[in-house]
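All residue numbers in this chain count up from 1 along the given sequence.
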Amino acid sequence: LEKDIVLLPPGRQERAQMLRTMLSRRQREAAVDNQAAAKFDDQQLVDTLAARTAGYTPADLTELVRRGTHDDDWIKALSAVRPSSLRGVAVTEENDEASG
């Protein structure tokens, strides 16, 4: 039984939904730990991250959120976490929208 199964990375809307959930969870965890954390579930932040993360897998997004919320430095996090599904592939906005 040899079959190739192709799983596409989530599109922009799916990434936004995942990011919203992940950031909301991090916000709740920070509140439970009594940390003075920034508000992570900001809609503008979610929209910006979703637009800038074409090709990111759910695992990539998880790592991005972990780094970004830890340091509250999203530019640094985006530079450090690259889309694992796109090693050697160029992404355009057209094929990002087509995948989700």
Side-chain angles (χ1 to χ4, degrees):
L1 293 170
E2 280 191 36
K3 286 189 176 185
D4 289 336
I5 299 174
V6 177
L7 298 175
L8 298 175
R12 184 182 297 189
Q13 290 179 351
E14 290 85 9
R15 290 192 309 275
Q17 184 175 355
M18 287 182 220
L19 287 162
R20 195 174 301 108
T21 300
M22 292 174 189
L23 290 167
S24 179
R25 182 174 298 137
R26 293 293 288 196
Q27 182 68 37
R28 285 193 308 274
E29 290 169 358
V32 167
D33 293 340
N34 293 320
Q35 297 175 0
K39 185 167 173 42
F40 298 135
D41 58 351
D42 178 83
Q43 187 60 44
Q44 184 177 1
L45 174 61
V46 169
D47 292 342
T48 300
L49 291 174
R52 295 189 61 186
T53 53
Y56 281 56
T57 65
D60 298 331
L61 294 174
T62 299
E63 180 63 11
L64 176 70
V65 167
R66 187 191 69 75
R67 288 178 184 239
T69 56
H70 182 265
D71 297 333
D72 199 24
D73 185 344
W74 294 100
I75 302 298
K76 183 177 172 183
L78 282 165
S79 295
V81 181
R82 305 307 307 155
S84 60
S85 70
L86 298 178
R87 291 189 181 113
V89 177
V91 175
T92 65
E93 193 170 316
E94 286 177 13
N95 58 12
D96 179 37
E97 292 303 319
S99 69

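- Of the possible polar contacts, none joining the Glu63 side chain to the Asp60 backbone as a donor-acceptor pair under 3.5 Å is found.
- Checked against Tyr56 for a side chain to side chain contact (heavy atoms under 4.5 Å, CB included), the options Leu78, Thr62, Leu49 give a single hit: Leu78.
- Note: Leu19 CG to Thr48 OG1 = 10.5 Å, rounded to the nearest 0.5 Å.
- Annotation: the span from Asp4 atom CG to Glu2 atom CD amounts to 8.0 Å, rounded to 0.5 Å.
- Panel note: side chain Arg15, backbone Pro10; a donor-acceptor pair is recorded below 3.5 Å.
- For Ser24 and Arg28, the side-chain atoms include at least one donor-acceptor pair closer than 3.5 Å.
- In this structure, Leu23 CG and Gln43 CD are separated by 10.5 Å, a value rounded to the nearest 0.5 Å.
- Ionic pairing of Glu29 and Arg25 is not present here: no N-O contact between side-chain nitrogen and carboxylate oxygen is shorter than 4.0 angstrom.
- Distance check, rounded to the nearest 0.5 Å: CZ of Arg66 to CE of Met22 gives 13.0 Å.
- With values rounded to the nearest 0.5 angstrom, Arg20 atom CZ is found 7.0 Å from Asp47 atom CG.
- In this structure, the separation between CZ on Arg82 and CG on Leu64 is 10.0 Å, given to the nearest 0.5 Å.
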